[in-house]
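This report refers to the structure that appears directly beneath it.
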Number of protein chains: 2
Amino acid sequence: MTEISKTEFEVLEAIWQGHPASAQQIIERLNETKPWHEKTVKTLLNRMVKKEAINFEKVQRSYFYSPLFARDEYTFKESKSLIERMFSGRLSPLVSHFVKSDELTKDDISELKDLINQWEKDNG
Amino acid sequence: MTEISKTEFEVLEAIWQGHPASAQQIIERLNETKPWHEKTVKTLLNRMVKKEAINFEKVQRSYFYSPLFARDEYTFKESKSLIERMFSGRLSPLVSHFVKSDELTKDDISELKDLINQWEKDNG
DNA sequence: AAATATTGATTACAATTGTAGTCTTAACTA
DNA sequence: TAGTTAAGACTACAATTGTAATCAATATTT
């Protein structure tokens, strides 16, 4: 899958919310938070079709778009890429940043502990 | 600080390795792993000066560059940005990905546990 | 049926990015 | 001192990105 820009990602988000989705639906979903011009969104949709990030089926005059990869797949790939580039592929330096900067709540810590327990159950 | 591209970040890495650093030094450091043309690196240095990501002091005919922000500061900002955009600002969904995908070693888990213990000592 | 509106396709256009090449000037070398 | 290097400045140029406007074809509304 080719690179997709931050803006394109936001359009993809709207598609992941539910698909196949018409351009109109996508525009409406986006406009709940972002005042993007209809033409702008359509351009982005077009570009993503060319990049094979999404495809569409034609129904009458309208197109209904669907993603060509799952949100999880994409976010994971991006996360790995960032961690690769900035932390030599190691996760803990990133987590360390958060832990030390007081960005985490008690609940966040609980979740992390659960994840670790899970890992230890599955492995270790 | 303006946006800096992935390529620019790699040049910055070379500067963070030790500074002030001359263009020559930076180019040499980079060329240990990346076959970038001298002119290319100089262009990137120039752009980063304009973006105020780095500055320089002139010594004779040469420039000696220094970063205008710390590596940690930058990587943390980028990490937060990604987590904001992809995981609604929550860290654990990202960690979850890694835990579940068998990307972590025993040592990674140990480090995470230590971080959590540290947090609990400081807070909790 | 004629006018209007709606869809997508095509075109636009400046800013950024990757990747250098050329120009100018100062320094070194023969 | 004249020619050659080496530094940085300036220029280049296509691809991508953000942000639409215009065009063409089809529906919908009078």
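Computed from a predicted model, the values in this text were never measured in an experiment. First the proteins, then the strands, lettered A, B, ... as listed; each starts at 1.
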Open item on the list: Both Phe56(B) and Arg61(B) contact DNA chain D. Taking the nearest nucleotide for each, which residue is further toward the 5' end?
Closed with: Arg61(B)
TODO: Take the protein atom CZ of Phe9(B) and the nucleotide atom C1' of dG18(C), then report the distance between them rounded to whole Å.
DONE: 18 Å
Open item on the list: Within the 3.5 Å criterion, strictly below it, is a donor on His97(A) or Ser79(B) matched to an acceptor on the partner's side chain?
Closed with: no
Open item on the list: Measure CD/Glu38(B) against P/dA6(D) and give the value in whole Å, please.
Closed with: 10 Å
Open item on the list: If the threshold is 4.0 Å, N to carboxylate O, is there a salt bridge linking Glu120(B) and Lys113(A)?
Closed with: yes
Task: Separation of atom CZ in Phe64(A) from atom P in dT7(C), rounded to whole Å - done: 10 Å
TODO: For DNA chain C, find the residues of residues 20-34 of chain A with a heavy-atom distance under 4.0 Å and give them by number; none if there aren't any.
DONE: Ala23(A), Gln24(A)
Task: Annotated protein contacts, base or backbone, on nucleotides 10-20 of chain D with a non-hydrogen cut-off under 4.0 Å, one of B, S, - each - done: --B----BBBB
Task: Distance in angstrom units between Lys42(A) NZ and dA24(D) C1', rounded - done: 13 Å
Open item on the list: Using ring-ring contact (aromatic ring centres under 6.0 Å, His included), reason through Phe56(A) and His19(A) one step at a time and then give a plain yes or no.
Closed with: CA-CA 10 Å; Phe56(A) 63 85; His19(A) 50 86; over 10 Å; no
Open item on the list: Does this structure show an ion pair linking Glu10(B) with Arg85(A), if we count only N-O contacts that are shorter than 4.0 Å?
Closed with: no
TODO: Write down the distance between CE (Met48(A)) and P (dG8(C)), rounded to a whole number of angstrom.
DONE: 14 Å
Task: Nearest-Å distance for atom pair CD/C1', residues Gln60(A) and dA5(C) - done: 16 Å
TODO: Let me know the distance between OH of Tyr63(B) and P of dA26(C), rounded to the nearest Å.
DONE: 12 Å
Open item on the list: Whether Lys100(B) engages the ring of Phe98(B) as a cation-pi pair (distance to the six-membered ring centre under 6.0 angstrom, angle to the ring normal within 45°) should be assessed.
Closed with: no
Open item on the list: What I want to find out is whether Glu13(A) reaches Arg71(A) closely enough, with some N-O distance under 4.0 Å, to be called a salt bridge.
Closed with: yes
Open item on the list: Between Lys51(B) and Glu3(B) (salt bridge meaning N to carboxylate O under 4.0 Å), is one present in this structure?
Closed with: no
Task: Atom-to-atom span, CG of Leu45(B) to P of dA7(D) - whole angstrom - done: 13 Å
TODO: Classify the side-chain pair Gln118(A)/Asp122(A) by whether it contains a donor and acceptor separated by less than 3.5 Å.
DONE: yes
Task: Ser110(B) versus Asp107(B), side-chain donor and acceptor atoms under 3.5 Å - done: no
